[in-house]
Amino acid sequence: MINGYVRNGDLNAARKLFDQNTSSRNVVSWNSMITGYVKHDHMPHAQLLFDQMPVRDVVSCNTILSGLYKIKNPEGIYHSILQMGRIGLRPNEFTFSIVITAFLNTVFNVLIPQLHGLILCLALNSSVFVGSSLMRGYTDLRNCEGLHQVFDEILVKDVTSWNALILGYMDLGLTAKARRAFELTPEKNVVSWTTLVNGYITNKKLNEAWSLFNKMSERNVVSWTVMINGYVQNDKFVCALEVFLSMLRSGARPNHFTFSSVLEACAGCSSLLMGKQIHSNVLKFGMPLDVILSTSLVDMYAKCGDIEAAFSIFESIPKKNRVSWNSIIGGYARHGLATRALEEFERMMKCGVRPDEVTFVNVLSACSHGGLIEEGERHFNLMGTKYGIQAGIEHYTCMVDLYGRAGHLEKAEKLIKGMPFEPDVVVWGAFLAACGLYSSLELGEFAAEGVYKLESDHPAVYSMLSKIHGEKGVWGTVFELRKMMKERHAKKQKADAKPEHLQEYDPT
DNA sequence: CTAGGGTTAG
């Protein structure tokens, strides 16, 4: 009865019934009520009921655990399973699949092999559910052997187990193994295909991804979005937009994931015309404008040159988060409106939103574009002392740029010599641009020497070196800098995603 | 009454 109301989403009716039947309450009615609160994101209420229960069973615990997972509280999960042990409740398949999934990408993932041991003791390793979550766990730990072994232990493998195997191999960078697993999958579904396509994309094999995508007999909104986003992440913005148009022609309905990616494509190729059309599509499709989608719109308008439209959408976001603020501050910085950028930063602080590294990159670059030296220095110092954010190489680059543009080449030089990083091509690029701007041959040589010492180089650096001797426009260098900054970011991501030693398994 | 696989923003 109570569960009927919970299923229909009528939490109040469920609670009413629950409160009335004090005498005939059983564990199931308590659990149903807790389920209702968890489903509707009322964790405190769920927790309260759980604490009030006269007798708790494993389902009560599992429900709380899934609630804690939903609000991303792995620490709470950890304490809850300890508590479970003290009460003497034996965890079941549900418990383990929830707990393992909740520990993914957290510091608690080191416990996953230990949970695996417990699972073996309780003879739960043959479960498909436990098995596939364990597979995600070993993937998270970058343990290929574990991944394979857990898969083998699953008694009756279903398509989800196979998909977890494909995904695991792809996450580990083993595209050939993933492909083999895909071929061996008995009943491939659209998820199997999409996992493979997305895996090729994250492993930078765009052509493989595209040819596979074209062979798909069935595509859903996720498959389309994966392909669109794949092109966006690889800077093939026009391709992304073309795929989106095919998607619309096919009659598939885009969702907020799709639109976020498509808007990023518009931003990437600075197409205000297309961006506006996508915006009207968002409205036409009746997409709920959540924070993420709205922020994508803000960013698109800012990058396509319509900063006022960006601002007006930004203002319309009821619950602006850190990314939204970063987006508008970055937008103002890009448009050279340093004062407005700083004003938004102050407003962000007033709203109690904590800044992060990106915030300060944007703030500092606003200062550098606006020639606000003291303000830039102030924020550069404040980011560590007041906000506890360590300055990264990107922030130093902004400061070098700031001093350089203002003609304070000695200050820039001093900063480079004193910074806790080896200067990279981007730093030298910023410095060189300044040397070019102020025709400083002497310091240009200092930079040239620095560049020479780097293992990696960049053609843009040479073009700037040559620029010191005259010619070319100033705007060219700004563009080159941006490009290098972006590439630095891409390289960092790539290094995190797949270590080289895993590459050798891949013959293609 | 509780659980596993594919997609979003700076």
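Note on naming: letters A, B, ... go to the chains in the order of the sequence lines (proteins, then strands), and numbering restarts at 1 for each one.
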Pairing of [X] and [Y] as salt bridge, 4.0 angstrom limit:
X: R179(A); Y: E183(A); answer: yes
X: E343(A); Y: K350(A); answer: no
X: D19(A); Y: R15(A); answer: yes

Using whole Å, what does the distance between atom [atom2] of nucleotide [N] and atom [atom1] of [X] come to?
X: I98(A); N: dC1(B); atom1: CD1; atom2: C1'; answer: 12 Å
X: I292(A); N: dT7(B); atom1: CD1; atom2: P; answer: 14 Å
X: F50(A); N: dC1(B); atom1: CZ; atom2: P; answer: 19 Å
X: R136(A); N: dA3(B); atom1: CZ; atom2: P; answer: 19 Å
X: W162(A); N: dG6(B); atom1: CH2; atom2: C1'; answer: 18 Å
X: M287(A); N: dT7(B); atom1: CE; atom2: P; answer: 19 Å
X: N220(A); N: dT7(B); atom1: CG; atom2: C1'; answer: 9 Å
X: I64(A); N: dC1(B); atom1: CD1; atom2: C1'; answer: 12 Å

Classify the nucleic acid contact of [X] as base, sugar-phosphate or nothing, counting any heavy atom under 4.0 Å across all strands shown.
X: V226(A); answer: sugar-phosphate
X: N189(A); answer: base
X: S223(A); answer: base
X: D158(A); answer: base
X: R7(A); answer: sugar-phosphate
X: S296(A); answer: sugar-phosphate
X: S161(A); answer: base
X: S261(A); answer: nothing

Quick one: which of [options] gets closest to the side chain of [X]?
X: V190(A); options: dC1(B), dG6(B), dT8(B); answer: dG6(B)
X: V28(A); options: dG4(B), dC1(B), dT8(B); answer: dC1(B)
X: T35(A); options: dC1(B), dG4(B), dG6(B); answer: dC1(B)
X: E264(A); options: dA9(B), dG4(B), dT7(B); answer: dA9(B)
X: V222(A); options: dT2(B), dG4(B), dT7(B); answer: dT7(B)
X: F129(A); options: dG4(B), dT2(B), dT7(B); answer: dG4(B)

message: Using the rule side chain to side chain contact (heavy atoms under 4.5 Å, CB included), only one of V191(A), T139(A), T195(A) pairs with L167(A); which is it?
response: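 Going through the options one by one, the only one that passes is T195(A).
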Under 3.5 Å, is there a donor-acceptor pair linking the side chains of [X] and [Y]?
X: T258(A); Y: N255(A); value: yes
X: T106(A); Y: N109(A); value: no
X: S132(A); Y: S161(A); value: no

Ignoring hydrogens and geometry beyond distance, is the side chain of [X] in donor-acceptor contact with the base of [N] at under 3.5 Å?
X: N321(A); N: dA9(B); value: yes
X: T195(A); N: dG6(B); value: no
X: S97(A); N: dG4(B); value: no

query: By centroid distance (under 5.5 Å) and plane angle (under 30°), are F94(A) and dA3(B) in a stacked arrangement?
result: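 According to the criterion (under 5.5 Å, under 30°), yes, F94(A) stacks.
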Can you tell me if the side-chain N/O atoms of [X] get under 4.0 Å from OP1 or OP2 in [N]?
X: K39(A); N: dC1(B); answer: no
X: N229(A); N: dT8(B); answer: yes
X: N198(A); N: dT7(B); answer: yes

